[in-house]
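A short write-up of the structure that comes next.
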Amino acid sequence: MEEWIEQLRNSVSTLEKLKAYISITPEEEKAITTLNTKWGTTPYFASLMDPDDATCPIRKQVIPSLKEKENHYGISDYLIWKENRDTDEVRPDSIARQYYDRIAFTVTDVCANYCRHCFRKELVVDRDLKLRMDVDEGIQWISEHKEIRDVLVTGGDPFILSDDKIEYIIAKLREIPHIQMIRFGTRTPIVLPHRITEGLKKVLKGYHRVPIWVNTQCNHPKEITERTARAVYDLLSCGVNVGNQAVLLKGINDDVETFRTLHQKLLSVRIRPYYVFYCEPAPGIDHFRTSVEKGAELIRDALRGHTTGLAQPMYVIATNIGKIPLMPDYYIMEKTEKEYRLKNYKGQYTTIPNIPE
Ligand SMILES: *Cc1c(COP(=O)(O)O)cnc(C)c1O
Ligand code: SF4
């Protein structure tokens with residue numbers, strides 16, 4: 001059996017199995033035994049947990065918390081609102097649309113790791129939202145909409161599908177003349193790097209008219225290992241670029257030191273930071289949410305100017321009307337008829353001339 005399938009079959013999703021990796025706190029145990037929620041991770045990802053520290057960033061992303069029962073600020077029926085499912089345009093369940101030229105195509109609700117902060121929680125984790133994920137129906141819709149040039153294949157985690165199924169999706173999308181690029185959103189390079197097999201590489205590699213891009217999700221430097229580095233290299237060797245979409249998570253990556261190390265370490269394994277998302281107002285994840293300003297402050301204080309320019313993600317909030325940038329804007333201090341007064345990351349000033357229009 002392939003190692004990645006073995007990892008999934010042996011998913012750490014019971015109290016007994018989890019006990020092999022960590023000493024479980026009474027709170028963790030109570031949440032696991034009382035909450036009606038899907039949870040679990042791969043043995044590989046579980047092995048990265050700190051056995052003795054319940055504040056371990058990996059534990060907090062994997063193990064259910066009693067705080068998930070509290071919901072003061074989450075929007076109910078979040079996905080219906082967020083993915084614009086309640087609109088006049090008739091679309092298959094698998095298609096989420098916020099933009100004219102690109103869509104998100106949900107092909108599975110299965111994941112290797114059931115992230116506690118998931119904004120698709122209702123669908124993926126709590127499973128009280130049911131969507132029909134019919135791949136052929138989605139592809140038919142895409143082929144009938146000539147304005148769509150970019151398809152973001154998502155889930156769940158699309159790389160949990162078999163090589164054959166992934167190959168089928170790619171081949172069908174490449175047959176559509178107006179499709180210019182395919183993106184996969186997958187956490188496997190982080191939670192199941194074993195998934196990047198020779199078989200999958202065969203499916204992904206080669207020079208084609210329509211390129212494939214991958215975005216993964218890594219939220220803390222502890223999630224990056226030698227195996228991550230290898231999986232990313234293997235994807236790149238297939239001509240597939242790998243980006244990161246982190247989620248800003250309270251108590252996990254919302255301090256300057258962690259935030260900077262995360263972005264530096266991503267580049268050290270060839271992952272290009274793409275987005276940092278504000279933790280969305282889905283139900284039951286209040287405890288992961290920071291202030292909206294927090295991400296901009298972290299970019300200002302941890303990244304911009306402080307480290308490599310390639311380590312700079314765009315900080316955005318994903319909403320029902322699309323992603324909205326929330327970048328820090330401290331640099332233009334003053335504009336006069338004659339000049340702009342600019343500030344750098346150290347608080348130093350400079351001026352450049354203002355050219356009349
Ligand atoms: C995030 C998202 C996209 C892709 O947005 P980019 O800014 O192009 O990465 C497309 N459609 C939906 C519904 C999305 O949520
Ligand atoms: S891998 Fe993605 S879709 Fe799956 S639980 Fe995590 S955040 Fe949600």
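All values reported here derive from a predicted model rather than from experimental measurement. What's counted below: heavy atoms across the whole structure, side chains too, no hydrogens, waters or symmetry copies. Both counts, for ligands and for their atoms, begin at 1 and track the order of listing.
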Less than 6.0 angstrom from the centroid, inside 45 degrees of the normal: does Arg341 satisfy that with respect to the ring of Tyr349?
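Checked: cation-pi criterion met.
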* If you draw the axis of the six-membered ring of Trp4, does the NZ or CZ of Arg195 fall within 45° of it and under 6.0 Å from the ring centre? ->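 Positive - Arg195 is close enough to the ring of Trp4 and near enough to its axis.
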May I have the list of side-chain donor-acceptor pairs in residues 224-231 shorter than 3.5 Å, sequence neighbours left out?
residue: Thr225; atom: OG1; partner: Tyr44; partner atom: OH; Å: 2.7
residue: Thr225; atom: OG1; partner: Arg227; partner atom: N; Å: 3.0
residue: Thr225; atom: OG1; partner: Thr228; partner atom: N; Å: 3.3
residue: Thr225; atom: OG1; partner: Thr228; partner atom: OG1; Å: 3.2
residue: Thr228; atom: OG1; partner: Thr225; partner atom: N; Å: 2.7
residue: Thr228; atom: OG1; partner: Thr225; partner atom: O; Å: 3.2

ask   = Among protein heavy atoms, which lies nearest atom 7 (S) of ligand 2, and at what distance?
value =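 Of every protein heavy atom, Gln217 NE2, 3.4 Å lies nearest to atom 7 (S) of ligand 2.
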| Which residues pass the salt bridge (Lys or Arg N to Asp or Glu O under 4.0 Å) test with Glu147, sequence neighbours left out? |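 With neighbours one apart ignored, the set is Arg97.
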From the options Gln61, Gln245, His117, select the one residue that forms a side-chain hydrogen bond (donor to acceptor under 3.5 Å, both in side chains) with Gln217.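 Of the listed options, the one satisfying the test is His117.
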Is it true that a side-chain atom of Gln98 and a backbone atom of Lys82 form a donor plus acceptor pair closer than 3.5 Å?
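The answer is yes, because a donor-acceptor pair under 3.5 Å joins these two groups.
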>> Check whether Arg289 reaches the backbone of Cys279 with its side chain - one donor and one acceptor, N or O, closer than 3.5 Å.
In response: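 Present.
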- Message: Can you see whether Glu144 engages Gln140 through a side-chain donor-acceptor pair at a distance of less than 3.5 angstrom?
- Response: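 Yes - a donor-acceptor pair under 3.5 Å links their side chains.
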Side chains of Thr186 and Asp157: do they bring a donor and an acceptor to under 3.5 Å?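 Short answer, yes.
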Any heavy atom of His117 closer to ligand 2 than 4.0 angstrom?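 Contact check His117 vs ligand 2: negative.
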Counting no waters, what protein N/O/S atoms lie under 2.8 Å from atom 4 (Fe) of ligand 2?
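Near atom 4 (Fe) of ligand 2, below 2.8 Å, one finds Cys111 SG.
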key: Residues in contact with ligand 1, criterion: heavy atom under 4.0 Å   =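 Those residues closer than 4.0 Å to ligand 1 by some heavy atom are Ala96, Gln98, Tyr99, Arg102, Ile103, Ala104, Leu152, Arg183, Tyr274, Tyr275, Lys323.
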pair Trp39-Pro64: side-chain heavy atoms closer than 4.5 Å
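Sidechains of Pro64 and Trp39: in contact.
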